[in-house]
Amino acid sequence: MTNLAALWEAHRNADWPHFTSPHQGELMTLDTVISGCVTYHLESPDGLDPQRQAILENCLDELLALLPEIPDEVRPYFGQLSTLAALLRDASPH
C-alpha cells in the first residue's frame with residue numbers, strides 16, 4: 001500500500017503533459033478513470049469492487065496498448081500511470 005500511496009501522490013502532483021497525439025482524448029479518459037479507481041481504493045475500507053476491478057483491467061490493457069504510440073517526451077507520465085494501475089490491480093483481491 002505504501003508504494004501505491006506514494007506513487008499516487010507523485011502522480012497527483014504531476015502536471016498533465018503537453019503533447020499532440022490522436023490518442024490524447026483517450027489517454028485523458030484513461031488517466032481520469034484510473035485516478036478515480038485509485039482514489040476509491042484508498043478511501044474505501046473494502047478496496048475495489050469487482051466492477052471497478054474489471055474497469056481498471058480494461059483501462060490498463062488499453063493504456064499498455066497505447067504506450068508505444070505516444071510521443072517519447074510524455075512516456076514517463078503514462079508509464080507512471082500504468083505502474084500505478086498495475087500496483088492497484090495487484091493490491092485488489094481477484
How far apart are the closest heavy atoms of [X] and [Y], and which atoms are they?
{"X": "Ala85", "Y": "Leu60", "value": "CB-CD1, 3.8 Å"}
{"X": "Phe78", "Y": "Pro17", "value": "CE1-CG, 3.9 Å"}
{"X": "Gln24", "Y": "Thr20", "value": "OE1-CA, 4.2 Å"}
{"X": "Leu48", "Y": "Cys37", "value": "CD2-O, 3.4 Å"}
{"X": "Gly79", "Y": "Leu67", "value": "N-CD2, 4.1 Å"}
{"X": "Ser82", "Y": "Leu64", "value": "CB-CD2, 4.0 Å"}

Please check if Val33 and Leu84 belong to a single hydrophobic cluster, counting links between Ile, Leu, Val, Met, Phe, Trp and Tyr side chain heavy atoms closer than 4.5 Å.
no
In terms of hydrophobic clusters joined by side-chain contacts under 4.5 Å, are Leu4 and Ile55 together?
no
What distance separates [X] [atom1] from [Y] [atom2], expressed to the nearest 0.5 Å?
{"X": "Ile70", "Y": "Leu27", "atom1": "CD1", "atom2": "CG", "answer": "6.0 Å"}
{"X": "Met28", "Y": "Thr32", "atom1": "CE", "atom2": "OG1", "answer": "7.0 Å"}
{"X": "Leu88", "Y": "Ile34", "atom1": "CG", "atom2": "CD1", "answer": "9.0 Å"}
{"X": "Gln53", "Y": "His41", "atom1": "CD", "atom2": "NE2", "answer": "10.0 Å"}
{"X": "Arg12", "Y": "Thr39", "atom1": "CZ", "atom2": "OG1", "answer": "7.0 Å"}
{"X": "Leu63", "Y": "Leu56", "atom1": "CG", "atom2": "CG", "answer": "10.5 Å"}

I'd like to know whether CD of Glu69 has more than 12 heavy-atom contacts from other residues, nucleotides or ligands below 6.0 angstrom.
yes
In the structure I gave you, are the side-chain heavy atoms of Asp49 and Tyr40 within less than 4.5 Å of one another anywhere?
yes
Just checking, is any N or O donor in the side chain of Asn58 or Glu62 under 3.5 Å from an acceptor N or O on the other one?
no
Can you classify the ring geometry of Tyr77 versus His11 as parallel (below 30°), tilted (30 to 60°) or perpendicular (above 60°)?
tilted
